[in-house]
Enquirer: 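Here it is, the structure, as structure tokens.
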Amino acid sequence: MTSASDLASLAALLADRTRAAICLALLDGRAWTAGELATHTRVAPSTATEHLHRLVDGGLLVERRQGRHRYVQLADPSIAHLLEDLSAWLQPRQDPVRGLRAVTVDAALRRGRTCYDHLAGRLGVAVTDAMTTAGLLDQTGGFALTAAGLNWLTGTLGLKAADLRPGRRPLVRGCLDWTERRQHLAGTAGAKLCETFLGNGWVARIGSGRAVRLTPNGKAALHDLLGLPDIE
């Protein structure tokens with residue numbers, strides 16, 4: 001059973017602005033070095049390392065070694081869901097006027113992004129809605145993959161049935177989108193869908209961040225497969 005002190009310790013980990021910024025950066029699903037995160041959060045490398053030690057010790061991050069390099073990433077998908085859910089419940093705030101680059105980045109993230117390993121933003125919600133309309137997903141009282149949905153994933157998209165078997169991670173789950181305030185598809189099926197879209201060249205990353213966009217081939221393919229409208 002979770003104790004009050006355990007919950008307080010978790011809250012304390014995210015109560016620091018730099019640690020929160022590190023966790024949000026790692027929502028792109030990739031592994032980052034301490035140096036990269038120091039640059040991203042605009043703190044000294046020693047400061048970033050200190051924060052990373054706390055996040056690893058607290059179970060939010062894990063450390064990976066590859067040769068001489070050390071990388072950190074979110075411990076598992078449930079941490080990504082926690083961060084996205086917390087972000088979604090925050091009240092939108094009126095930001096001061098910012099530069100053109102910041103506005104452009106924000107617009108791209110709202111249009112489409114990865115939430116750890118699945119699609120989010122207007123793109124993620126639109127794909128989820130289209131799958132529901134097509135009878136591939138059932139959102140009645142929660143999220144469930146229909147028999148038609150399973151056949152679509154393994155047949156039309158060519159996913160391996162073994163990759164969609166129930167396990168420790170739910171096959172499908174709803175993830176509250178922090179920009180759209182609506183659910184998008186997460187879970188194993190959501191991750192495999194994102195992986196397939198990226199692999200097929202239907203979705204492409206924008207720069208080195210979390211933002212993604214539909215490619216011309218992706219617009220045509222998803223319109224044919226799901227009747228997906230243009231994402232503006």
Enquirer: Run the side chain to side chain contact (heavy atoms under 4.5 Å, CB included) check on Leu14 and Cys23 step by step: do they pass?
Expert: CA-CA 8 Å; Leu14 296 174; Cys23 289; 4.0 Å; yes

Enquirer: If we count only N and O atoms by modelled type, under 3.5 Å, do the side chains of Arg64 and His69 hold a donor and an acceptor together?
Expert: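 On atom types as modelled, these side chains do not qualify, holding no pair under 3.5 Å.
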
Enquirer: Please say whether more than 12 non-hydrogen atoms of neighbouring residues, nucleotides or ligands are located less than 6.0 Å from CD in Glu63.
Expert: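 Above 12, so yes.
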
Enquirer: Tell me whether Val125 shares a hydrophobic cluster with Leu176, the cluster being built from Ile, Leu, Val, Met, Phe, Trp, Tyr side chains joined at under 4.5 Å.
Expert: no

Enquirer: If you round to the nearest 0.5 Å, how far is CD of Gln139 from OG1 of Thr128?
Expert: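 So the gap between those two atoms works out to 7.0 Å.
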
Enquirer: Transitively linked via ILVMFWY side-chain contacts under 4.5 Å: Tyr71 with Ile22?
Expert: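 No, separate clusters.
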
Enquirer: Might you point out which heavy atoms bring Ala38 and Pro45 nearest each other, and give the distance in Å?
Expert: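 Closest approach of Ala38 to Pro45: CB-CA, 3.9 Å.
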
Enquirer: Check whether Gln183 reaches the backbone of Cys175 with its side chain - one donor and one acceptor, N or O, closer than 3.5 Å.
Expert: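 Flag set: sc Gln183 to bb Cys175 pair under 3.5 Å.
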
Enquirer: Going through the checks in order, is the side chain to side chain contact (heavy atoms under 4.5 Å, CB included) test met by Leu74 and Leu83?
Expert: CA-CA 10 Å; Leu74 296 180; Leu83 295 171; 4.1 Å; yes

Enquirer: Under 3.5 Å, is there a donor-acceptor pair between the side chain of Thr146 and the main chain of Leu136?
Expert: yes

Enquirer: Could you state the interatomic distance from CG (Leu60) to CD (Gln73), rounded to the nearest 0.5 Å?
Expert: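 Taking CG in Leu60 and CD in Gln73, the distance rounds to 13.5 Å.
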
Enquirer: Quick one: side-chain hydrogen bond (donor to acceptor under 3.5 Å, both in side chains) partners of Thr179, sequence neighbours excluded?
Expert: Arg113, Asp177

Enquirer: Does the side chain of Leu145 come within less than 4.5 Å of Trp152's, by heavy atoms?
Expert: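 No - every pair of side-chain heavy atoms lies 4.5 Å or more apart.
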
Enquirer: Do the non-hydrogen side-chain atoms of Leu10 and Leu82 ever get within less than 4.5 Å of each other?
Expert: yes

Enquirer: Between OG1 of Thr41 and CZ of Arg19, what distance do you get to the nearest 0.5 Å?
Expert: 12.0 Å

Enquirer: Which pair of non-hydrogen atoms, one from Met131 and one from Leu185, has the smallest distance, and what is that distance?
Expert: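 Closest heavy-atom pair between Met131 and Leu185: SD-CD2, 4.1 Å.
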
Enquirer: Between Thr114 and Leu27, is there a side-chain heavy-atom distance shorter than 4.5 Å?
Expert: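 With C-beta onward as the side chain, the pair stays apart.
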
Enquirer: Compare every heavy atom of Ala108 with every heavy atom of Ile206, then report the nearest pair and how far apart it is.
Expert: CD1-CB, 4.3 Å

Enquirer: Fit a plane to each ring of His118 and His81, take the angle between them on a 0 to 90° scale, and name the class: parallel (under 30°), tilted (30 to 60°) or perpendicular (over 60°).
Expert: tilted

Enquirer: What closest approach, in Å, do Ala31 and Glu36 show between heavy atoms, and which atom pair accounts for it?
Expert: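 Result for this residue pair: O-OE1, 4.5 Å.
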
Enquirer: Could you see if Trp32 belongs to whatever hydrophobic cluster contains Val43? Use Ile, Leu, Val, Met, Phe, Trp, Tyr and a side-chain cutoff under 4.5 Å.
Expert: no

Enquirer: Verify side-chain hydrogen bond (donor to acceptor under 3.5 Å, both in side chains) between Thr215 and Asn217, making sure each step is shown before the conclusion.
Expert: CA-CA 5 Å; Thr215 65; Asn217 286 342; 5.4 Å; no

Enquirer: Looking at Leu193, Thr196, Asp163, which one forms a side chain to side chain contact (heavy atoms under 4.5 Å, CB included) with Leu153?
Expert: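 By the side chain to side chain contact (heavy atoms under 4.5 Å, CB included) criterion, Leu153 pairs with just one of Leu193, Thr196, Asp163: Leu193.
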
Enquirer: Can you tell if the side chain of Asp16 reaches within under 4.5 Å of the side chain of His51, non-hydrogen atoms only?
Expert: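 Asp16 reaches His51 side chain to side chain.
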
Enquirer: After noting the C-alpha distance and the side-chain angles of Thr33 and Leu37, does the key distance pass the side chain to side chain contact (heavy atoms under 4.5 Å, CB included) rule?
Expert: CA-CA 6 Å; Thr33 66; Leu37 288 167; over 6 Å; no

Enquirer: With a 4.5 Å cut-off on side-chain heavy-atom distances among I, L, V, M, F, W and Y, is there a chain of contacts connecting Ile79 to Val62?
Expert: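 Result: no, two separate clusters.
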
Enquirer: Does Arg122 come within less than 4.0 Å of Asp230, counting only side-chain N to carboxylate O?
Expert: no

Enquirer: Is the closest side-chain heavy-atom distance between Leu119 and Val212 below 4.5 Å?
Expert: yes

Enquirer: In this structure, would Leu225 and Leu159 fall into the same cluster of hydrophobic residues linked by side-chain contacts under 4.5 Å?
Expert: yes

Enquirer: Could you tell me if the side chain of Cys194 sits less than 4.5 Å from the side chain of Leu198, heavy atoms only?
Expert: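 Heavy-atom side-chain distance check passes, below 4.5 Å.
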
Enquirer: For Trp202, is there any backbone N or O sitting under 3.5 Å from a side-chain donor or acceptor partner on Asn200?
Expert: no

Enquirer: Within the structure provided, determine whether Thr49 and His53 are in side-chain contact (heavy-atom separation under 4.5 Å).
Expert: yes

Enquirer: Closest approach of Arg169 and Ala191, non-hydrogen atoms and distance?
Expert: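 The answer is NH1-CB, 3.8 Å.
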
Enquirer: In Å and rounded to the nearest 0.5 Å, what is the CG to NE2 distance from Leu24 to His40?
Expert: 8.0 Å

Enquirer: Report yes or no: does Arg165 contribute a side-chain atom to a donor-acceptor pair with the main-chain N or O of Leu171 at less than 3.5 Å?
Expert: no

Enquirer: Rounded to the nearest 0.5 Å, what separates atom CG in Asp129 from atom CG in Leu228?
Expert: 9.5 Å

Enquirer: If you apply the rule side chain to side chain contact (heavy atoms under 4.5 Å, CB included), what do you find for Val203 with Leu123, and how did you get there?
Expert: CA-CA 10 Å; Val203 171; Leu123 174 59; 4.2 Å; yes

Enquirer: Can you check whether Cys115 reaches Arg210 side chain to side chain, under 4.5 Å on heavy atoms?
Expert: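 Answer yes - side chains close enough.
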
